[in-house]
Amino acid sequence: MLIDCAGKQLNLSQPVVMGVLNMTPDSFSDGGCYVQQDLALRRAETMVAEGAALVDVGGESTRPGAAPVSVQEELDRVLPVVEQLVRELPVPISVDTSKPEVMREAARVGAGLINDVRALQIPGAIATVAASGLPVCLMHLRGNPATMQQEPVYSDAVTEVHDFLAERIDACVLAGIARERILVDPGFGFGKTLEHNLSLLRHLDRFTGLASGVLVGISRKSMIGLLLDAPVGERLVGSLAAAVIAAWRGARIIRTHDVRETIQALRVCAAVLTAD
Ligand code: 7PJ
């Protein structure tokens, strides 16, 4: 199962790791240490050396209550880095954005995948991705990042998230984005309680037939913190357990801050998954 990411191939025959590169000064877990471009490049090189199949560059903080970022500010944060990473790294560079202008410019400088936590709902986003020819990850988010953790309510979270993603896929296909270019993500922590997140992880196999593959981002998130009563810096082991469960339930891309450890955990998982 190969996905073409602007000329670089992403092989999803086994679960792979997407390394997170935050370009936000207020990122909750990296504390903005990689805001400078050379540090960002070195961090990305390390993640690729550790085995990351993709690097995801983001310039908008989507943590609960984070302030909105202007188009220009987001472009300033991510474009120079994306341009350099595309040139210097062998893996596809993904851009975590919801803004059509950022998608268009990222595609122009060679980005290989658009990762949108708002599932291309901002006007112009679907047409921009369709025109770019790039693959896209559609994520489910209930509400918006500012308000999403204010008592999210579902009658059946798994079905509602599934049906939302199915509708977004239909809209994309109608606009000319082939199903083979679409990945889906239930959006752990985006407008969900711990119970919702746990149901989504347990029933992740419900999402595997929707499009080309399932991507999950659980790394260091509050669902791990709540289960372990642990601060962000002490969530590695819990995040690895969740990554293995996700891969076991069919996820093909694990988005993580801890590339080396996650790849080790996934290697064990993949060996068992492919055993007789
Ligand atoms: C996710 C994401 C996720 C996808 C972020 C964080 C918050 N993109 N961007 N899925 N999370 N596709 O890294 O904790 O879960 S930003």
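One-based numbering, in listed order, for ligands and for the atoms of each.
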Mode of [X] contact toward ligand 1 - side chain, backbone, both, neither (heavy atoms, under 4.0 Å):
X: D96; value: side chain
X: N22; value: neither
X: D56; value: neither
X: R220; value: neither

[X] and [Y]: which non-hydrogen atoms are nearest, and at how many Å?
X: A130; Y: A175; answer: CB-O, 3.5 Å
X: E180; Y: S212; answer: O-OG, 3.1 Å
X: V184; Y: C137; answer: C-SG, 4.4 Å
X: G217; Y: F188; answer: O-CB, 3.5 Å

Which ligand 1 atoms are under 4.0 Å away from a heavy-atom of [X]?
X: N115; result: 4 (C), 8 (N), 12 (N)
X: L215; result: 12 (N)
X: D185; result: 3 (C), 4 (C), 10 (N), 12 (N), 15 (O)
X: V117; result: 2 (C), 8 (N), 9 (N)
X: T62; result: 16 (S)

message: Applying side-chain hydrogen bond (donor to acceptor under 3.5 Å, both in side chains) as the test, list every pair that has at least one member in residues 189-204; sequence neighbours left out.
response: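 The answer is H140-K192, T193-H196.
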message: Check this for me - ligand 1, F188, N or O atoms closer than 3.5 angstrom, yes or no?
response: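 In fact, backbone or side chain, F188 has no N or O that close.
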Over 12 foreign heavy atoms within 6.0 Å of CG, D229: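 Result for CG/D229: open.
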Under 3.5 Å, which donor-acceptor pairs link side chains of residues 259-269 to any protein atom two or more places apart or in another chain?
unit_1: T262; atom_1: OG1; unit_2: T256; atom_2: OG1; d: 3.3
unit_1: T262; atom_1: OG1; unit_2: D258; atom_2: O; d: 2.6

task: Going by heavy-atom distance to atom 11 (N) of ligand 1, choose the closest among M139, K221, H140.
output: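 It is K221 that holds the nearest heavy atom.
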- prompt: Of the listed options (H257, M18, R255, E60), which comes nearest to atom 13 (O) of ligand 1 when hydrogens are ignored and any heavy atom counts?
  reply: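 The nearest heavy atom belongs to R255.
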- request: May I ask you to establish whether R142 and Y154 are in a cation-pi arrangement, using a distance under 6.0 Å from NZ or CZ to the six-membered ring centre and at most 45° from the ring axis?
  value: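 Here R142 passes the 6.0 Å and 45° test against Y154.
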